[in-house]
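This chain uses plain numbering: 1 for the first residue, then up along the sequence.
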Amino acid sequence: MTLSPVQEKIINTPGNLIVRASAGTGKTHTMVNKIAKEINDNHTHKVVAAITFTIKAAQEIKDRLSVDITQHFIGTNNSFVIEEIIKPFMKDVYGSDYDIDMSTDYSREAKVETFQDAIDKIKNEGVLCSYTDNKKNFIFELAQEIVENSTACRLYLQAKFFKIYIDEYQDCDKSMHKLFMYLCDTLKIETFVIGDEKQSIYIWRGAYPDAFVSIWNKENFNKIFMGDNYRSCKQIQNYSNLLYDETQDLYSQTDDLSNIIWLSPTTTNWATEVLKYIDPNKKSALLRFSNDNARIGASELSTSGVEYIYIPQTPVAEITTDTAWLYSAIAKYIILEKYSAYDVISEIPVEGNETRKIVSNIKRMLSKIEQAIIDENAFCLAVDDLAVYLGYETRTDHLKKLYQTITDEKFHVAFEAEKYRHIAITFHSSKGLEFEQVIIFAEDYRLSDVSSLCNHYVAVTRAKSKLIIVKLSNHNANCFQTNLTKIFAKSGVSINDVLVQK
């Protein structure tokens, strides 16, 4: 993929930089190229930290980088502060009682109410946990306390990192934002921020898109906007650009209005009506707010003539401890024909668990796990043996979730969703994906608040060539139509200039 002029500018702009990257603009491609260039240009002992929200996103960056990243940190937000701040320096601030091995457990059972409760849990159980209030972030609050009160920690970070890259910044909460700006403004570690407040779909769990906007207004940051959508056709670009004030000037009228289909069917014939406009030979996705509606929708579309596969959330996807990657890797090893022991080994996180373990031992343990599937107790013991060998801890309930994921075939499709032509998922699961054709329901987006607007923007920008909007006759769908009409009217555009209602 060649670089556009604006992508070239981003890659070659030194210093602190914030990039506003609308959907489909090649965000990851641009960031990966910038990281590679700046690693190559660096002639000091220092390294970079590339920080993402998910292990999957971190792995994608690793896979796409063509430079040696052995010494560099590429991982999640939490793993960065845990491995680089909390574990090595907590004892400096809280005393020798905290010079202990720590694991993480963000499950509901481990949650606490207060900061002190969480500190006590570390001392008594060696567990880093989270708050009951999912809009507060204990891990980053603790990291902030440590970095502000440990001279050794500050000197270490300044000596080690010459640049920090933070992806999907619109999903940062207030505590994350405070720490990252401390590293930038106080410790003077050069910072690259990329994101798009229009795609903030995690406000419900504490995401604070205003943080991204506040950096845009900082004098010590250069600012670049990426607005060219390389994914969607012109009509879908027009539709998505009109949703926000900052992109409304990108609207340009097009005579071809065949790429967005607005349907007003009944609850009984909607699937039949939708399939009149779906090309069965091109990939499509039904995106719904809830898993239940995605599952039901897949069934109704399949009954009406085109098979849609519902992609469920797997039990192992609910696990949030630092052993989560291993459960997922074991599931893939058993479920996927082409996923080998070497693939499992490649997923061992660099951060905190660098391993020199013998490959033959890991292969033997994986084989033992596979052979034990017929007996849940034997299976769980075999998984625990591998986890201990790799330096990880397991929990009984998590082992049961892994066993359920592997033995219940309905979950297997989630590990190879890309092989199915037509799928049904939640729009939260669709972030980062793209499809030729997308089906959405108006009732899932009332457009009456920022969160709903962001959800809708993310959903419609998954579509490349066709977007089908299903408006049933109900209160939420009527609110959607009213609010969408008002949003478009602010820019002087009628909804009929953007789409044709069937």
Going by heavy atoms in the side chains, are K34 and K163 under 4.5 Å from each other?
yes

Shortest non-hydrogen contact between E190 and N16, atoms and distance
CA-OD1, 3.4 Å

Sort out for me which residue in T54, T52, T28, L65 forms a side-chain contact (heavy atoms from CB on, under 4.5 Å) with E60.
T28

Test: E436 and K464 ion pair at under 4.0 Å:
yes

Is any side-chain heavy atom of P312 closer than 4.5 Å to one of V413?
yes

I'd like to know if E443 and K471 make a salt bridge, using a cut-off of under 4.0 Å between side-chain N and carboxylate O.
no

Distance to the ring centre below 6.0 angstrom and angle to the axis at most 45 degrees; does that hold for K174 and Y208?
yes

For K160, is there an ion pair with E84 - N to carboxylate O distance below 4.0 angstrom?
yes

So, do V81 and N77 sit near enough that their side-chain heavy atoms are less than 4.5 Å apart?
no

For the student: nearest non-hydrogen atoms of V32 and R64, plus distance
CG1-O, 3.6 Å

Parallel, tilted or perpendicular: rings of F441 and W270 (30°, 60°):
perpendicular

Taking every non-hydrogen atom, the tightest pair across G227 and L250:
O-CD1, 4.0 Å

Is a side-chain donor or acceptor of Q437 paired with a backbone partner of I278 at a separation under 3.5 angstrom?
no

Cationic N near anionic O, under 4.0 Å, K135 to D173
no

Is E246 salt-bridged to R20, going by a charged N under 4.0 Å from an acidic O?
yes

Matching residue for L499 among N496, I495, D497 - test: side-chain contact (heavy atoms from CB on, under 4.5 Å)
I495

Quick check: are there more than 12 heavy atoms from other residues, nucleotides or ligands sitting under 6.0 Å from NZ of K223?
yes

Under-4.0 Å salt bridge between E307 and R421:
no

Does E434 come within less than 4.0 Å of R462, counting only side-chain N to carboxylate O?
no

Are K490 and D245 close enough for a salt bridge, meaning some N to O gap below 4.0 Å?
yes

Pairing of K338 and D343 as salt bridge, 4.0 angstrom limit
no

Are L17 and V193 packed together at the side-chain level, in the sense that at least one heavy-atom pair is separated by less than 4.5 angstrom?
no

Flag the pair Y445 / C454 as yes when at least one side-chain heavy-atom distance between them is below 4.5 Å, and no otherwise.
no

Side-chain H-bond candidate by donor/acceptor type, T191 with Y165, under 3.5 Å:
no

Does the pair D41/K37 count as a salt bridge with the N-to-O cut at 4.0 Å?
yes

Fit a plane to each ring of F80 and F73, take the angle between them on a 0 to 90° scale, and name the class: parallel (under 30°), tilted (30 to 60°) or perpendicular (over 60°).
perpendicular

Nearest non-hydrogen partners of A50 and I35, listed with the distance:
CB-CD1, 3.9 Å

K27 with D167: basic N within carboxylate O range, under 4.0 Å:
yes

Answer with yes or no after comparing the ring centroid distance for Y420 and Y308 against a 6.0 Å cut-off, counting only values under it.
no

For the residue pair Y169 and H177, categorise the inter-ring angle as parallel (less than 30°), tilted (30 to 60°) or perpendicular (more than 60°).
perpendicular

Does NZ or CZ of K136 fall inside the cone over Y131's six-membered ring, less than 6.0 Å from its centre and within 45° of the axis?
yes

Check this for me: E109, atom CD, are more than 12 non-hydrogen atoms of other residues, nucleotides or ligands nearer than 6.0 Å?
yes

Which of T461, I440, I261 passes side-chain contact (heavy atoms from CB on, under 4.5 Å) with L467? It is I440

Side chains of F427 and V458 in contact at under 4.5 Å (non-hydrogen atoms)
no

Smallest heavy-atom separation, L433 atom then I425 atom, equals CD1-CD1, 4.2 Å

Check: D397 side chain, K401 main-chain N or O, donor-acceptor pair, under 3.5 Å:
no

F140 and N78: which non-hydrogen atoms are nearest, and at how many Å?
CE1-OD1, 3.5 Å

